[in-house]
Protein chains: 2
Amino acid sequence: MSDSLADFLPYRLSRLSEAVSAEIRPIYKAMHGLNRPEWRVLAALADLGSCTATEAAAHSAQHKTKVSRAVYALESRRWLKRETDPRDRRSEILTLTAAGRAAYDSLITPLRSRAMSLVSTLDPGDAEALVRGLAALEAALDLAAEAPAGVTDRATSR
Amino acid sequence: MSDSLADFLPYRLSRLSEAVSAEIRPIYKAMHGLNRPEWRVLAALADLGSCTATEAAAHSAQHKTKVSRAVYALESRRWLKRETDPRDRRSEILTLTAAGRAAYDSLITPLRSRAMSLVSTLDPGDAEALVRGLAALEAALDLAAEAPAGVTDRATSR
DNA sequence: AATTGATCGTCACAAACGCAACCAAATACG
DNA sequence: CGTATTTGGTTGCGTTTGTGACGATCAATT
């Protein structure tokens, strides 16, 4: 085993996370002046359909106050609307407006292509290894691997 | 589809980084009351030998003001000393004191073992995949996770 | 020698962060 | 029922962060 900090897992993850994030932040920042929490909530909403703030927080793995402020910001842009859930009047059901959806669509394409251009430089075997390794680590850390594409399993929870 | 990695890579890395970081932060926080930037600068210094603040920032992937404040904090503890570089009097050469080195040594062991205990819960194949995937991604991002002593390049930052 | 432009590190200031306290609605419990 | 506890979401406030400007220094050009 080497002593170099370079193989220290937390350190490497932190660096990678920042580097990857720095690759894509300019896109949503320049295109719409969004910050990271806002972009993440927007994406969570686009992914989940409609959901409550708590669900958006869970899905985007962000602190509830961050989500609260991001929701307010997105609402001010009229990118989402909130209606109180008739079944539980504490919670609010968040839904993207047409403008919000359009903004998401305008962003997801360049974002995806930037990310793709990154990933596509990887050797296919390396990419596969990455997927496997990340998934394993998520499992080890009990990070619900949060079914990515679309389907919300939360339909039952209300 | 292979899009899914690209779609969620930033998100997954960010989550993982936060989760892993949360696993180890209590250690350096409880043992010495360090915060993250301070710990990272300490580690960078221990890893690099002596270096300038800019090099420490590059190595630890942190904003220069963060590093500036961390250096000040570590200096106040007498864990490092700074001397102006005679060759370039704008920059300061940072070096750990004996106390700083001792603090690092007292921390790195429990930190490493915590990180190890995390990794060791992984299936060996998964762990190997993780290492391979991370290395490939680092290479793709030009984050040369490379060697000690002769730090020269890093020409690309900023 | 003087000008220009880039770089090192710091500081003031504004924005972002997250804890804790909070309100309001729902639920649990006696 | 009445009361205590829990949960969804917001806000106040101290702390941390990053931006932009700055003085100082170096290198290149003239």
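Below, read A as the first sequence line, B as the second, and so on, with proteins coming before strands; counting in each chain starts at 1.
- Bracketed by its first and final contacts, the part of DNA chain D lying under 4.0 Å from non-hydrogen atoms of chain B reaches from D/dT17 to D/dC26 in 5' to 3' order.
- At a threshold of 4.0 Å, the pair B/Arg132-A/Asp123 counts as salt-bridged, since one of the basic side-chain nitrogens sits closer than that to a carboxylate oxygen.
- Within the 4.0 angstrom heavy-atom criterion, only backbone atoms of the sugar-phosphate kind lie near A/Thr54; the bases stay farther away.
- To the nearest angstrom, P of C/dA16 lies 18 Å from CH2 of A/Trp39.
- In this structure, B/Thr65 and A/Asn35 both approach DNA chain C, and ranking their closest nucleotides by distance from the 5' end singles out B/Thr65.
- Each of A/Arg90 and A/Pro37 has a nearest nucleotide on DNA chain C; the 5'-most of these lies closest to A/Pro37.
- With rounding to the nearest 0.5 Å, the separation of CG in A/Leu80 from CG in A/Leu96 is 6.5 Å.
- Between atom CD of residue B/Glu23 and atom CG of residue A/Leu9 there is a gap of 10.5 Å, rounded to the nearest 0.5 Å.
- Residue-to-nucleotide contacts include no donor-acceptor pair under 3.5 Å from the side chain of B/Arg89 to the base of C/dG9.
- Going from atom CG of B/Asp88 over to atom P of C/dT7 covers 12 Å, rounded to whole Å.
- Proximity of B/Lys64 to the phosphate of C/dC8: no side-chain N or O atom is located under 4.0 Å from OP1 or OP2.
- Under the 3.5 Å distance criterion, with hydrogens and angles disregarded, no donor-acceptor pair is assigned to the side chains of A/Thr95 and A/Arg82.
- In this entry the distance linking CZ of A/Arg87 with C1' of C/dT27 reads 17 Å, nearest Å.
- Heavy-atom distances to DNA chain D give each of B/Arg69 and A/Val67 a nearest nucleotide, and the one nearer the 5′ end belongs to A/Val67.
- Note: NZ (B/Lys66) to C1' (C/dC11) measures 18 Å, nearest angstrom.
- Note on B/Ser91: only backbone sugar-phosphate atoms sit closer than 4.0 angstrom, heavy atoms only; bases stay farther off.
- Under the 30°/60° scheme for interplanar angles, the aromatic rings of A/Phe8 and B/Trp39 are found to stand perpendicular.
- Donor-acceptor pairing under 3.5 Å is lacking for the side chains of A/Arg90 and A/Thr84.
- Using modelled atom types, one finds a donor on one side chain and an acceptor on the other under 3.5 Å when comparing B/His32 with B/Ser106.
- Atom CG in B/Leu94 sits roughly 13 Å away from atom P in C/dC8 (whole-Å rounding).
- Taking atom NZ of residue A/Lys29 and atom P of nucleotide C/dA15, one finds them 12 Å apart after rounding to whole Å.
- Distance CZ (A/Arg36) to P (C/dA16): 14 Å, rounded to an integer number of Å.
- Counting to the nearest Å, the P atom of C/dA16 and the CD atom of A/Gln62 are 14 Å from each other.
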